[in-house]
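Worksheet: the structure to be examined is printed underneath.
When a residue number appears, it is its place in the shown sequence, counting from 1. Atoms within each ligand, like the ligands themselves, are counted from 1 in listed order. The structure presented is a predicted model; accordingly, all values stated were derived computationally and were not measured.
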Amino acid sequence: MSINHHLDDATLVSYSAGALSQGMALVVASHLSICPQCRKRAEVNDSVGGALLESLEAETVADGMLASILTRLDDMPVQLTEVSTDTAVIDPEIPSPLRDYIDRPLDDLEWKRIVPGVAYYDMPWEGHGVSRLLRIAPGKAMLAHTHNGNELTMVLRGSFSDEVGRFRRGDVADLDDQIEHQPLVDSKEDCICLIATDAPLRFTTLFGKLVQPITGF
Ligand SMILES: [Zn+2]
């Protein structure tokens with residue numbers, strides 16, 4: 001797989017610092033799991049951050065707090081779950097960090113339709129912004145929108161094009177609030193993306209504004 005669109009430095013630094021929303025961190029982790037190039041950059045960030053942390057750590061974790069956490073862990077009932085890697089179905093289309101939340105092939109998910117040709121599947125948590133899989137049929141465009149914050153999109157299947165370029169499997173679109181774009185699916189099959197924002201999208205068309213309250217984007 002050749003990856004042409006990567007994560008921004010700013011996004012990687014925020015990820016290393018643990019400053020991203022859960023959804024955005026999942027997109028970053030998913031891309032890192034298949035992109036050696038970004039993984040290398042993330043490792044460099046981590047080693048710089050780790051050196052900084054080491055000098056702080058001794059002061060920030062109080063002994064008493066650690067002891068009380070350990071006691072509480074001892075008190076918790078132990079649940080044993082049998083995980084057999086032999087029988088687990090590993091779908092190569094789903095990056096490993098995403099497998100914690102998606103337990104079946106993408107086609108078997110309960111997709112919710114927004115408009116004909118556009119469906120979504122929400123990640124199972126709530127928080128700021130959006131975190132979901134988006135599935136768009138060939139030839140369809142996503143609604144034109146800008147962002148109040150950042151938007152991260154990773155292609156899992158198919159491809160789309162927008163003002164920035166063409167995005168195929170593994171590529172990430174790492175967009176800030178300066179960009180208005182309207183991704184158009186240009187593959188023969190549906191395009192499925194993992195998408196996360198740290199704030200709601202801002203639609204720029206009348207139709208987008210009308211459906212926004214319904215779709216929750
Ligand atoms: Zn990359």
query: What's the verdict on salt bridge (Lys or Arg N to Asp or Glu O under 4.0 Å) for D190 and R157, showing C-alpha distance, side-chain angles and the deciding distance?
result: CA-CA 7 Å; D190 285 359; R157 180 194 293 178; 5.7 Å; no

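Formation of a donor-acceptor pair under 3.5 Å by the D162 side chain with backbone atoms of V164 is found in this model.
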For residues 16-32, dump all side-chain donor-acceptor pairs below 3.5 Å to protein atoms at least two apart in sequence or in another chain.
residue, atom, partner, partner atom, Å
S16, OG, L12, O, 3.2
S16, OG, D46, OD1, 2.9
S21, OG, M24, N, 3.3
S30, OG, L26, O, 2.8
H31, ND1, G170, O, 2.9

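Listed by chain and residue number, the protein N/O/S atoms under 2.8 Å of the Zn ion (ligand 1) are H6 ND1, H31 NE2, C35 SG, C38 SG, with waters left out.
No hydrogens or angles considered: nothing links the side chains of R169 and S159 as a donor-acceptor pair under 3.5 Å.
By the 4.0 Å N-to-carboxylate-O rule, R135 lies close enough to D107 to be salt-bridged with it.
The two residues G158 and S187 make their nearest non-hydrogen contact at CA-OG, 3.4 Å.
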